[in-house]
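Reckoned from all heavy atoms, side chains included, excluding hydrogens, waters and symmetry mates.
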Amino acid sequence: VTEPVALESIPSCFRGVIPSPFATCSPDGVPNVTYMSIVQYVDSDRVALSRQFFNKTRANLDANPASQVWVVDPETLEQYELDLEYLHTESDGPVFEAMRADVDAIASQTGATEIFRLRGVDIRRVLRCARAHHAHRNRWTRTHVTSRAYVCTGDTKFTFRLPARHWERRTSARPGRLKPSGPLAYSVLELHSCGS
Amino acid sequence: MVIDERARELLLAGSATVVATRDERMRPLLQRGWALAVSDDGQEVTVCVPAPQGSRMRENLESNGAVAITCSRPTTYRTVQVKGEVVAIRDLTPEQRVGAEAHADAFSREVEELGLPPGGGRRMFDNDLVAVTIAAAELYDQTPGPRAGARL
């Protein structure tokens, strides 16, 4: 079972840096997938999605409020899947204005002002937020430091273990040698006689 | 339907590939796809997707088989979507495994141009893939703009 993730804990995902895949489903069971330029945090239970140019998405949501969006942390590239339920659309107010500022910034960067014109903001309830499934999640690759260290003092051998937070997840069949992001603190794992 | 040469080029040019399925309650589900290929006769599309036994994705693929695949170029926003139903779920061939790895490398290089960390795109790659083949039924231009959603 994937642990739920609090929206407040992933603020970087809501800056609009990496476009978010967004899926809906028609009432007769045909999925549709497009990209959202921005998913905006509203509160601990809701997010806002820009409503710009989604013809099929719009029709699907009118008939079926269920959707899923993925947001990506631009610093760690960790992906999160959010199961959503459409609540309502806003075309003014603080959420809309905040979203418009973000969309305008993207439009000016890309030179596509008309394409990215904001038509409204869809407010959606977040039914579930969790890290996106990765089958390799439980396989780990070592950083350039060793995961265990051994030190003998007198007749006692200390075995130290590097805490899991300093390990990087495997991202391919050819694991890279990744550097830890900060100081390393080993914890004592075992004590043995040096002769053992 | 038959995917013609122009549509084939558009599909294969999209380095960011996303696959959507749905469950029996019409709830959509996303995954990233890799190494998309179009059959020689243009009637089928195969994509490698993380769908291990017991996963929601695998359950959706096996229970109703409705699939949408969107291929997009992050540097140009050019986007194409193909929809269809599953005709086969297979283990990856060695060639598909190599193709998926190559795709992940290409995707990673492209998103580096947009400012992501070197090699960062590969962090979205998943090793536990199956090859899902769909019979192509609909093809759409999904590029942001007024023509988004138009049939190709």
**Item:** Intermediate values then yes/no, salt bridge (Lys or Arg N to Asp or Glu O under 4.0 Å), B/Glu5 and B/Arg8
**Value:** CA-CA 5 Å; B/Glu5 280 306 309; B/Arg8 181 192 300 260; 3.3 Å; yes

**Engaged part of B/Arg32 at the chain A interface, taking heavy atoms whose separation is under 4.5 Å** = both

Enumerate donor-acceptor pairs with a distance under 3.5 Å from any side-chain N or O in residues 5-13 of chain A to protein atoms, sequence neighbours excluded.
{"unit_1": "A/Glu8", "atom_1": "OE2", "unit_2": "A/Tyr41", "atom_2": "OH", "d": "3.2"}
{"unit_1": "A/Ser9", "atom_1": "OG", "unit_2": "A/Ala6", "atom_2": "O", "d": "2.6"}
{"unit_1": "A/Ser12", "atom_1": "OG", "unit_2": "A/Arg15", "atom_2": "NH2", "d": "3.2"}

**Message:** If you define the side chain from C-beta out and look only at heavy atoms, does anything of B/Asp141 sit under 4.5 Å from B/Arg78?
**Reply:** yes

**Request:** First locate atom CD of B/Gln96, then atom CD of B/Glu101, and finally report the distance between them rounded to the nearest 0.5 Å.
**Result:** 13.0 Å

**Prompt:** When heavy-atom pairs shorter than 4.5 Å are enumerated against chain B, which of A/Ser26, A/Ser67, A/Pro74 gives the highest number?
**Reply:** A/Ser67

**Message:** I need the residue from A/Val30, A/Val69, A/Thr24 with the largest number of non-hydrogen atom pairs under 4.5 Å to chain B.
**Reply:** A/Thr24

**Message:** Does any part of the side chain of A/Tyr35, heavy atoms only, come nearer than 4.5 Å to the side chain of A/Ser20, both counted from C-beta?
**Reply:** no

**Prompt:** Which region of A/Ile18, side chain (C-beta onward) or backbone (N, CA, C, O), has a non-hydrogen atom less than 4.5 Å from a non-hydrogen atom of chain B, or is it both or neither?
**Reply:** side chain

**Request:** Under the salt bridge (Lys or Arg N to Asp or Glu O under 4.0 Å) rule, collect the residues that match up with A/Asp73, sequence neighbours excluded.
**Result:** none

**Message:** For residues 80-88 of chain B, give me every residue with a non-hydrogen atom less than 4.5 Å from any non-hydrogen atom of chain A.
**Reply:** B/Gln81, B/Lys83

**Region of B/Val111 that comes under 4.5 Å of a non-hydrogen atom in chain A** = neither

**Message:** Take a 6.0 Å sphere around CD of B/Glu59 and say whether it holds more than 12 heavy atoms from other residues, nucleotides or ligands.
**Reply:** no

**Asked** Between A/Ala66, A/Gly29, A/Pro19, A/Pro65, which has the largest tally of heavy atom pairs under 4.5 Å with chain B?
**Response** A/Gly29

**Complete:** So, the part of A/Asn32 with a heavy atom under 4.5 Å from chain B: the answer is both

**Item:** Segment of A/Val72 engaging chain B (4.5 angstrom heavy-atom cut-off)
**Value:** side chain

**Item:** Contact origin within B/Leu29 toward chain A - heavy atom pairs under 4.5 Å
**Value:** both

**Counterpart residues, side-chain contact (heavy atoms from CB on, under 4.5 Å), relative to A/Arg125 (two or more places apart)** = A/Glu85, A/Leu87, A/Leu127

**Message:** If the test is side-chain contact (heavy atoms from CB on, under 4.5 Å), which one of B/Leu152, B/Val2, B/Val45 qualifies with B/Leu139?
**Reply:** B/Leu152

**Message:** Minimum heavy-atom separation for A/Leu118 and A/Ser50, please, with both atom names.
**Reply:** CD1-CB, 3.6 Å

**Prompt:** About how many Å separate CG of B/Asp128 and CG of B/Leu92, when rounded to the nearest 0.5 Å?
**Reply:** 10.0 Å

**Prompt:** Looking at B/Leu129, B/Leu30, B/Val67, which has the largest count of heavy-atom pairs under 4.5 Å with chain A?
**Reply:** B/Leu30

**Asked** Non-hydrogen atoms of chain A under 4.5 Å away: do they reach the side chain of B/Thr70, the backbone, both or neither?
**Response** both

**Message:** Is A/Pro27 close to chain B through its backbone or its side chain, or both, or neither, when contacts mean heavy atoms under 4.5 Å?
**Reply:** backbone

